[in-house]
Structure formats: structure tokens, C-alpha cells
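Before anything else, here's the structure in question.
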Amino acid sequence: ESAPQREYNTLFRRLLPWRGMVRTPWGGAWATIDPGDASELYKHDEEEIAIVVAGEGELRVDSNTRPIRKGDVVYFEPYCEHVVTNTSSEALEVLFFWWGGRDGTMWAGRPI
């Protein structure tokens with residue numbers, strides 16, 4: 001029931017854990033990136049995967065850049081810098097799931 005919020009320069013809807021209901025060892029969120037926009041540059045201690053649900057764009061991990069599109073799945077190692085850019089004229093939608101790190105209730109150093 002989480003409403004989307006403007007976070008990380010995306011429209012960010014937190015999915016997991018469900019506060020007061022289900023405590024999970026991972027977190028999850030659905031992010032929508034507007035055409036021409038990019039997410040904030042992230043660097044955190046959790047492991048993370050991103051699943052591109054709709055649209056296309058570009059992913060930079062540390063100094064490596066590659067195109068991404070619907071159906072792609074990407075793994076981020078802890079402490080890598082990463083940013084997702086929407087290079088198309090339609091919304092880029094990405095599911096993120098993260099786990100581990102020093103505190104399972106944090107993501108990118110922020111409480112969830």
C-alpha cells in the first residue's frame with residue numbers, strides 16, 4: 001500500500017519489507033524514471049538486483065556503461081557506483097531488490 005514518493009530522483013514505491021506485517025531480509029521497490037532523467041548516483045553496502053520492467057535506457061556501473069531494456073536483469077556488487085538513465089521518450093520502470101549490508105533495514109544509508 002506504499003504510495004510512490006520522489007526519492008533518488010525517481011518516483012519510488014517501496015514494496016518490501018511491509019511495515020508492521022512482514023519483516024523480510026531484503027528490501028524491494030519499484031522505480032519510475034521519467035524520459036531524459038537519471039536516478040541518483042548510488043553507492044551502498046548492500047547487494048542488489050535491478051529488473052527492467054518497461055522502457056529502455058542506459059546503466060553505468062563504476063566506469064562501465066551499457067544499454068538496458070525491458071527484460072534485462074542486472075546485479076550490483078556492494079560499494080559499486082551505479083546510475084540508471086532513461087534515454088527514451090517513455091517511462092523507464094525498474095524493480096530493485098537489495099539484501100545484506102551492515103543493517104538489513106537500511107538502503108543506500110537511509111532507513112526503509
Side-chain angles (χ1 to χ4, degrees):
E1 296 182 18
S2 173
Q5 303 284 328
R6 199 78 190 157
E7 292 184 58
Y8 308 102
N9 201 41
T10 72
L11 191 57
F12 199 75
R13 181 176 176 221
R14 294 182 181 275
L15 303 173
L16 294 165
W18 294 343
R19 292 177 197 219
M21 293 180 65
V22 176
R23 174 106 175 121
T24 60
W26 62 87
W30 186 297
T32 302
I33 303 170
D34 292 329
D37 277 352
S39 65
E40 285 181 14
L41 180 65
Y42 299 155
K43 186 175 183 177
H44 47 75
D45 67 347
E46 295 90 353
E47 294 180 79
E48 180 179 26
I49 62 168
I51 303 166
V52 182
V53 178
E56 56 187 53
E58 184 177 89
L59 171 69
R60 182 172 70 79
V61 177
D62 294 327
S63 61
N64 300 309
T65 303
R66 71 176 193 95
I68 55 171
R69 63 186 175 105
K70 180 181 177 178
D72 286 349
V73 178
V74 180
Y75 168 74
F76 301 108
E77 293 182 354
Y79 300 108
C80 71
E81 288 187 334
H82 50 285
V83 62
V84 180
T85 303
N86 184 341
T87 59
S88 74
S89 60
E90 297 185 19
L92 175 60
E93 298 184 39
V94 183
L95 275 171
F96 290 97
F97 295 98
W98 58 90
W99 63 94
R102 70 184 177 282
D103 182 344
T105 62
M106 304 286 281
W107 186 47
R110 300 175 188 173
I112 58 172

Spatial distance of atom CD (Glu7) from atom CG (Leu11) [nearest 0.5 Å]: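 Reported to 0.5 Å precision, the distance equals 9.5 Å.
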Cluster link Tyr75 to Tyr79, ILVMFWY, side chain under 4.5 Å: no
Val94 side chain near Thr10 side chain, heavy-atom distance below 4.5 Å: no
Worked check of side-chain contact (heavy atoms from CB on, under 4.5 Å) between Asp34 and Asn86: CA-CA 7 Å; Asp34 292 329; Asn86 184 341; 5.7 Å; no
Test item: Glu77 and Val61 side chains (from C-beta on) under 4.5 Å apart, heavy atoms: no
Parallel, tilted or perpendicular: rings of Phe12 and Phe96 (30°, 60°):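 Answer is tilted, since the angle falls between 30° and 60°.
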side-chain contact (heavy atoms from CB on, under 4.5 Å) assessment of Glu48 paired with Glu46: CA-CA 6 Å; Glu48 180 179 26; Glu46 295 90 353; 5.6 Å; no
Verdict with reasoning, Leu59 to Phe76, per side-chain contact (heavy atoms from CB on, under 4.5 Å): CA-CA 11 Å; Leu59 171 69; Phe76 301 108; 3.8 Å; yes
Ile33 with Leu41, same ILVMFWY side-chain cluster at under 4.5 Å: no
Nearest-0.5 Å distance, OG1 of residue Thr85 to CZ of residue Arg60: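 Between Thr85 OG1 and Arg60 CZ, I get 8.5 Å after rounding to 0.5 Å.
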ILVMFWY cluster, Trp99 and Trp30 together (side-chain gap under 4.5 Å): yes
Taking every non-hydrogen atom, the tightest pair across Asp45 and Pro78: O-CB, 3.4 Å
Sub-4.5 Å side-chain heavy-atom contact between Pro67 and Glu58: no
Joint hydrophobic cluster, Trp26 plus Leu95, side-chain heavy atoms closer than 4.5 Å: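 Result: yes, single cluster for both.
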Spatial distance of atom CZ (Arg6) from atom OG1 (Thr32) [nearest 0.5 Å]: 9.0 Å
Flag if over 12 foreign heavy atoms under 6.0 Å of CD, Glu90: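 Open: at most 12 neighbouring heavy atoms sit under 6.0 Å from CD of Glu90.
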Distance in Å, Glu40 CD paired with His82 NE2, rounded so as to fall on 0.5 Å steps: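 Answer rounded to 0.5 Å: 11.0 Å.
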Test item: Tyr42 and Val84 side chains (from C-beta on) under 4.5 Å apart, heavy atoms: no
Minimum-distance pair of heavy atoms, taken over all atoms of Pro35 and Ser88: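 Pro35 and Ser88 have their closest heavy atoms at CB-O, 3.2 Å.
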Spacing of CH2 belonging to Trp98 relative to CG belonging to Leu16, to within rounding of 0.5 Å: 8.0 Å
